[in-house]
Amino acid sequence: MANSYYESPATHTPLLLDDDDDVVEAAVDYQGHPVLRSTSGGWRSASFIIGVEIAERVAYYGIASNLISYLTGPLGQSTATAAQNVNVWDGTASLLTLFGAFLADSYLGRYRTIVVASLLYILGLGLLTLSALLPFLSASDCETTNQSTSCSSRLQELFFFFSIYLVAVGQGGHKPCVQAFGADQFDGQDPDECKAKSSFFNWWYFGICAGPLCTFSLLAYIQDNLSWGLGFGIPCIVMVLALSIFLLGTRTYRYSVKGDEESPFVRIGKVFVVSLRNWRTCSSAIASEEESRGILPHQSSEQFKFLNKALLAPDDLKGNGKVCTVLEVEEAKSILRLFPIWATCLAYAIVFAQFSTFFTKQGATMNRTIVPALVEMTRLQTAEDYGLVDNPSATVPMSIWWLAPQYLLMGLADVFTMVGLQEFFYDQVPTELRSVGLALYLSIFGVGSFFSSFLISAIEKATSGMGQDSWFSNNLNRAHLDYFYWLLAGLSVVELAIFVYFARSYIYNRRGTI
């Protein structure tokens, strides 16, 4: 039997299997020894990992949720430009999860990737804090606009953007690996642990929502009223705490075994390459090959049938035995099958991107003493009734609780959408690609953020001509966010119809087949 290796922080050690029923197959401890179900993994380890992710989300949203206020305030950017910058940064952070997942699944392993990503994360947050604190980065003179007074220098902006994009790199390695590593602590072959794994995704999402919710108002208050340096410094301290918690659980974790088999990226890529090289192959030859391999007609084999051409060796490789197996073809189909679902969730991601941009700017104009487009229409009418249309810095005499319905509706949408997407993309990819599966789910929001930035830019150009105020005017009392929200509502209706069509025709991977 070929030796297998694991992805723990220690030196790779051959895995010696034990006949004991308590031994967890395909997993080892941090020293490379077989692990017992009773002394490793499960909720014991998952609790550490959920705690880590709660701390990371507090750190991330401590920056992201109020970032537009920093860009339009101290850095003096326009509302539209700031919204685009927030979307591009958030989108980059989400898309980098694909690269982080690739490194984890192919080279470093999830544990090492989490540690390295966390260190980069902490460094980025530390530099971000310095960018807001160090006096030599600020300009000696201030620029006054019709909304605020900003004091920033080119050096400060460069230092600031370098810092937040370093945070994006850290988040890109951290986010997909932590969740996959947490799910790895449950053995899918054990009935009890399989049920616990489903609960893990629910508790995971509850934690990452509850953590930022409890700290968001405090951090926003500190950033807006006390000090941006302190407001950025607290997330840095929280991230240090997150890494410490993660390291404390090292001895309890189960580490996935990596065998000597070919990389899943190579296997799946080979299927597409061989299919392309065999594109002229007639259907009768494919049918004959399927029959010789005992492949019975079923939904999975008939879908994306062009990939079945990979079962035949290209002319220049015949006789060498270098053909794709049925399992490899099914793996490739399982990945291709995800993309219609992925694409039809992009409209939801565009809506989600408004959480940290225009929702925040709306709230900043309202009374904060403490649906969507309809609330904005009411806010604009209130500003007109009180003669505040041309006074953008004034607080509209309208409670911020008017925004509660749109936040509540988006929160409910998150509960039903996020948990389902997480478990779906984790479960429907080959076992070795589960970090990538979760990165695919996260990339939906990355691409959605970029689309949101493009949409804002296009609308800004289309509506700001002829001396008119654009939909995203710096003076929100003359802007038309209500029109933008109606547009997003229309896109969401179309997206839902298309999603239902593809969801009804989706063929689920049977457990254990890939």
Side-chain angles (χ1 to χ4, degrees), residues 7-9 45-65 67 89-128 163-185 200-201 204-205 207-209 211-212 215 232 234-250 253 255-256 356 418 421-422 425-426 433-446 449:
E7 55 167 67
S8 85
S45 299
S47 299
F48 281 106
I49 298 171
I50 290 176
V52 167
E53 186 62 8
I54 291 174
E56 187 274 333
R57 288 292 86 185
V58 169
Y60 185 80
Y61 283 113
I63 304 300
S65 60
L67 185 58
W89 172 72
D90 193 45
T92 300
S94 296
L95 287 179
L96 282 173
T97 59
L98 291 170
F99 179 67
F102 171 77
L103 286 179
D105 286 346
S106 299
Y107 300 105
L108 297 179
R110 288 165 192 152
Y111 181 94
R112 292 188 186 91
T113 303
I114 293 167
V115 173
V116 172
S118 297
L119 292 173
L120 290 175
Y121 213 132
I122 292 168
L123 177 59
L125 290 172
L127 294 176
L128 182 61
S163 301
I164 63 170
Y165 276 94
L166 188 58
V167 170
V169 172
Q171 197 258 6
H174 190 280
K175 184 67 175 171
C177 297
V178 172
Q179 189 170 7
F181 192 60
D184 288 345
Q185 304 310 307
F200 166 78
F201 285 103
W204 173 275
Y205 190 68
I208 66 175
C209 289
T215 58
F232 291 153
I234 292 175
C236 183
I237 295 172
V238 170
M239 198 60 208
V240 172
L241 177 63
L243 179 57
S244 302
I245 294 173
F246 181 73
L247 294 176
L248 284 175
T250 297
Y253 298 144
Y255 301 88
S256 299
S356 55
M418 295 286 200
L421 284 176
Q422 289 170 1
F425 278 90
Y426 178 87
L433 290 179
R434 282 176 170 168
S435 293
V436 173
L438 290 173
L440 281 172
Y441 137 71
L442 292 168
S443 71
I444 292 173
F445 298 92
S449 292

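- Take Ile245 and apply the side chain to side chain contact (heavy atoms under 4.5 Å, CB included) test, not counting sequence neighbours, and it matches Phe48, Val52, Leu241.
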Side chain to side chain donor-acceptor pair (under 3.5 Å) between Thr97 and Tyr441, intermediate numbers included: CA-CA 10 Å; Thr97 59; Tyr441 137 71; over 6 Å; no
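- Considering CZ of Phe232 and CD1 of Ile237, their distance stands at 14.0 Å, rounded to 0.5 Å.
- One finds the CG atom of Leu103 at 6.0 Å from the OG1 atom of Thr113 (value rounded to the nearest 0.5 Å).
- Here the closest non-hydrogen pair linking Ala55 and Val238 is O-CG1, 3.2 Å.
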Intermediate values then yes/no, side chain to side chain contact (heavy atoms under 4.5 Å, CB included), Val178 and Phe246: CA-CA 10 Å; Val178 172; Phe246 181 73; 5.6 Å; no
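- Ser45 is linked by a side chain to side chain donor-acceptor pair (under 3.5 Å) to Thr252, counting only residues two or more places apart in sequence or in another chain.
- Contacts of Gln171 classified as side chain to side chain donor-acceptor pair (under 3.5 Å), with partners at least two apart in sequence or in another chain: none.
- Put simply, the side chain of Trp89 gets close to the backbone of Ile164: a donor and an acceptor are under 3.5 Å apart.
- Put simply, the residue from Ile122, Leu128, Ile63 that forms a side-chain contact (heavy atoms from CB on, under 4.5 Å) with Cys236 is Ile122.
- Side-chain atoms of Ile49 and Tyr253, non-hydrogen and from C-beta on, do get closer than 4.5 Å to each other.
- The minimum heavy-atom distance linking Tyr255 with Thr250 is given by the pair OH-O, 2.8 Å.
- Taking the side chain to side chain contact (heavy atoms under 4.5 Å, CB included) definition, one finds that Thr92 meets it with Val88, Leu96, Tyr165, Phe450, sequence neighbours left out.
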Candidate pair Val116 and Tyr111, rule side chain to side chain contact (heavy atoms under 4.5 Å, CB included), full reasoning: CA-CA 9 Å; Val116 172; Tyr111 181 94; over 6 Å; no
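- Note on residues 48-57: pairs passing side chain to side chain donor-acceptor pair (under 3.5 Å), not counting sequence neighbours, are Glu53-Lys175, Glu56-Tyr121.
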Residue pair Phe201, Gln179: steps toward the side chain to side chain contact (heavy atoms under 4.5 Å, CB included) verdict: CA-CA 9 Å; Phe201 285 103; Gln179 189 170 7; 3.5 Å; yes
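- For Phe425, there are no ring pair (Phe, Tyr, Trp, His ring centres under 6.0 Å) partners two or more places apart in sequence or in a different chain.
- Under the 3.5 Å distance criterion, the side-chain polar atoms of Ser94 are left unmatched by any main-chain donor or acceptor of Gly91.
- For Tyr60, the side chain to side chain donor-acceptor pair (under 3.5 Å) partners are Asp90, not counting sequence neighbours.
- Scored by the side chain to side chain contact (heavy atoms under 4.5 Å, CB included) test, Ser118 finds Ile114, His174, Met239, Leu243 as partners (sequence neighbours excluded).
- Residues that satisfy the side chain to side chain contact (heavy atoms under 4.5 Å, CB included) test with Leu127, not counting sequence neighbours, are Leu123, Leu130, Phe159, Phe162, Ser163, Leu166.
- Residues Leu95 and Leu442 are not in side-chain contact: their nearest non-hydrogen atoms beyond the backbone lie 4.5 Å or more apart.
- Here the shortest heavy-atom pairing between Leu98 and Ser443 reads CD1-CB, 4.0 Å.
- The stretch residues 115-125 participates, sequence neighbours left out, in no salt bridge (Lys or Arg N to Asp or Glu O under 4.0 Å) pair at all.
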